[in-house]
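By convention in this document, chain letters (A, B, ...) are assigned in the order of the sequence lines, proteins followed by strands, and residues within each chain are numbered from 1.
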Protein chains: 2
Amino acid sequence: MRKPAEEADMPTKAAVNQPKTARGEATRRAILAAAEKVIGAKGYNDASIGHITSEAGVAQGTFYIYFTTKEQVFSELVLEMGRLVRHTIAEATQGIGNRLEAEKAGLYAFLDFVQAHPDLYRIVQEALFVDPAAYEEYYTTFAAGYRSGLEAAEAAGQISKGDSETRAWALMGIARSLGEQLVVFKSDKPIPELVASAYDLIENGIKP
Amino acid sequence: MRKPAEEADMPTKAAVNQPKTARGEATRRAILAAAEKVIGAKGYNDASIGHITSEAGVAQGTFYIYFTTKEQVFSELVLEMGRLVRHTIAEATQGIGNRLEAEKAGLYAFLDFVQAHPDLYRIVQEALFVDPAAYEEYYTTFAAGYRSGLEAAEAAGQISKGDSETRAWALMGIARSLGEQLVVFKSDKPIPELVASAYDLIENGIKP
DNA sequence: GTCAAACATGAATACTGATTCATGTTTCAG
DNA sequence: CTGAAACATGAATCAGTATTCATGTTTGAC
């Protein structure tokens with residue numbers, strides 16, 4: 001478990017195994033990409049190191065030059081997914097004044113991203129069983145952002161008052177469920193329609 | 001799913017290994033209960049047959065008297081969760097005329113159930129990776145019920161018009177997300193509050 | 001009571017797959 | 001150019017564990 005840092009002092013996650021040359025950099029990236037593909041497709045347990053390295057076009061031992069453990073690649077992928085999603089959404093909602101509109105654009109961007117990266121989506125789901133801490137961080141970070149957006153909107157009078165904590169989780173649940181529609185159940189409903197229907201619900205509810 | 005008669009001829013899923021005596025019945029049940037507990041706690045892969053049988057208080061070989069495969073117990077647990085949840089919700093919403101109120105009562109019952117059976121909840125989530133077919137059936141069955149409820153309510157003028165397919169998935173997503181709050185993130189927010197906040201959102205939306 | 005069918009046992013089998021290691025090959029600073 | 005550090009290889013190790021099986025024990029119909 002604990003891993004003494006090379007000479008620094010990170011208590012939580014020492015970033016060892018960093019490549020020093022361009023070649024190493026490329027190899028590491030290839031392995032990471034292969035891991036995303038293979039683990040996303042076969043699941044963590046059926047994805048063997050052999051599968052991953054052969055997909056990456058390197059020998060099995062090469063894996064351990066850049067990663068200390070099978071679990072470590074997995075964790076890295078979860079973190080990557082988190083960073084990418086947040087970045088994508090932040091970019092998509094950049095400069096949208098009305099926060100309700102921003103949320104809608106965010107949902108749209110999220111679904112687009114999920115459709116483009118189905119493997120990463122499944123990996124995050126599996127994290128609940130492979131790396132619960134990463135899973136938790138992924139969702140709590142996400143929820144915190146959602147929540148503060150809602151609170152700002154509430155303060156600005158752009159949405160009604162309500163429990164923004166529960167709202168945040170509920171809205172995340174909607175986004176996740178629709179994402180699953182696309183990636184897991186392979187729905188062919190176009191994203192714009194999904195977003196439109198969902199946002200009609202979110203804005204107006206279902207009261208007659 | 002379909003249940004072959006004792007001596008009929010199902011090609012897909014022979015229901016062999018049915019105990020014939022009271023003792024066998026009890027043992028099988030003990031193993032199933034142990035499997036729920038152990039797999040729910042450690043996850044499918046880390047839950048070995050040895051763990052399960054020792055939790056059940058029987059020898060390792062006994063497992064294979066009642067189950068042909070580790071995967072089979074797992075599948076059975078997913079099916080059980082589906083049956084139990086549907087039954088619980090049906091019972092809780094029995095005789096409620098207003099369908100909007102019925103949905104609320106259903107959410108309440110669902111969250112109660114989830115809190116009482118955290119292991120089963122995790123098992124369903126893991127089914128996406130261990131037994132995708134069971135996972136799919138669980139959610140599509142659930143969604144179909146949700147959807148037809150919404151359509152009936154719409155026809156009866158009890159809710160506004162809208163895409164009931166997407167609505168069903170969105171509402172399921174909310175329920176699931178709140179369930180996860182309880183079971184995975186161990187929120188201490190009382191269920192009635194969760195339900196109240198969520199249903200305010202579902203009924204009225206967040207428009208000011 | 002008896003005995004065949006059910007049930008139970010736990011050691012042995014058989015295989016998978018993560019991780020290590022001894023041995024080359026490539027890179028690049030000086 | 002050159003040699004030490006990086007990088008790469010893939011066969012060998014090593015542990016875990018699903019499943020089988022030969023051998024008892026219990027049950028219940030008669």
Asker: Got a list of side-chain donor-acceptor pairs under 3.5 Å for residues 99-121 of chain B, not counting sequence neighbours?
Answerer:
residue	atom	partner	partner atom	Å
B:Tyr121	OH	B:Arg176	O	3.3
B:Tyr121	OH	B:Glu180	OE1	3.4

Asker: How would you summarise protein contacts on nucleotides 24-30 of chain C per nucleotide, using B for base, S for sugar-phosphate only and - for none, with heavy-atom distances below 4.0 Å?
Answerer: --SS---
Asker: Would A:Trp169 and B:Phe185 count as a close aromatic pair, with their ring centres under 6.0 Å?
Answerer: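 A:Trp169 vs B:Phe185: aromatic centres under 6.0 Å.
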Asker: Rounded off to whole Å, could you give me the NZ-to-C1' distance for the B:Lys20 and D:dT26 pair?
Answerer: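 My rounded result for the distance is 17 Å.
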Asker: Which pairs, with at least one residue in residues 139-155 of chain A and sequence neighbours excluded, count as a salt bridge (Lys or Arg N to Asp or Glu O under 4.0 Å)?
Answerer: A:Arg147-A:Glu151, A:Arg147-A:Glu165
Asker: Name the pairs: protein N/O against N/O of nucleotides 9-13 of chain D, kept only if under 3.5 Å.
Answerer:
residue	atom	partner	partner atom	Å
D:dT9	OP2	A:Ala59	N	2.7
D:dT9	OP2	A:Thr62	OG1	2.9
D:dG10	N7	A:Gly61	N	3.2

Asker: Just the rounded figure in Å: distance from P of D:dG28 to CD of B:Glu25.
Answerer: 12 Å
Asker: If the condition is ring-ring contact (aromatic ring centres under 6.0 Å, His included), which residues does A:Phe129 pass it with, not counting sequence neighbours?
Answerer: none
Asker: For residues 32-55 of chain A, which residue pairs qualify under ring pair (Phe, Tyr, Trp, His ring centres under 6.0 Å), counting only residues two or more places apart or in two chains?
Answerer: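 Every ring pair (Phe, Tyr, Trp, His ring centres under 6.0 Å) pair that includes a residue of residues 32-55 of chain A, provided the two are not neighbours, is A:Tyr44-A:Phe74.
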Asker: Just to confirm, is there a sub-4.0 Å distance from OP1 or OP2 of D:dA8 to any side-chain nitrogen or oxygen of A:Tyr66?
Answerer: yes
Asker: Once salt bridge (Lys or Arg N to Asp or Glu O under 4.0 Å) is applied, what residue pairs with a partner in residues 57-70 of chain B remain, sequence neighbours excluded?
Answerer: none
Asker: Between B:Glu136 and B:Thr140, does any side-chain donor sit less than 3.5 Å from a side-chain acceptor?
Answerer: no
Asker: According to side chain to side chain donor-acceptor pair (under 3.5 Å), who are the partners of B:Lys189, at least two apart in sequence or on a separate chain?
Answerer: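 B:Lys189: side chain to side chain donor-acceptor pair (under 3.5 Å) contacts with A:Asp163.
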Asker: Go through residues 36-50 of chain B and report each residue with a non-hydrogen atom lying under 4.0 Å from DNA chain D, sorted by number.
Answerer: B:Ser48, B:Ile49
Asker: Could you pull out all donor-acceptor pairs under 3.5 Å where a side-chain atom in residues 78-97 of chain A meets a protein atom, sequence neighbours excluded?
Answerer:
residue	atom	partner	partner atom	Å
A:Thr88	OG1	A:Leu84	O	2.7
A:Thr93	OG1	A:Ile89	O	3.0
A:Thr93	OG1	A:Ala90	O	3.3

Asker: Rounded to whole Å, please give me the gap between NE2 in B:His51 and C1' in D:dG16.
Answerer: 10 Å
Asker: Taking CD1 from A:Ile52 and C1' from C:dT19, how many angstroms apart are they, rounded to a whole number?
Answerer: 14 Å
Asker: Rounded to whole angstrom units, what separation is found between the OH atom of B:Tyr64 and the P atom of D:dT23?
Answerer: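 Rounded to whole Å, this separation is 22 Å.
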Asker: Using the ring-ring contact (aromatic ring centres under 6.0 Å, His included) criterion, which residues pair with A:Tyr64? Sequence neighbours excluded.
Answerer: none
Asker: Please list all pairs passing the salt bridge (Lys or Arg N to Asp or Glu O under 4.0 Å) test where one or both residues lie in residues 45-60 of chain A, with sequence neighbours left out.
Answerer: A:Lys37-A:Glu55
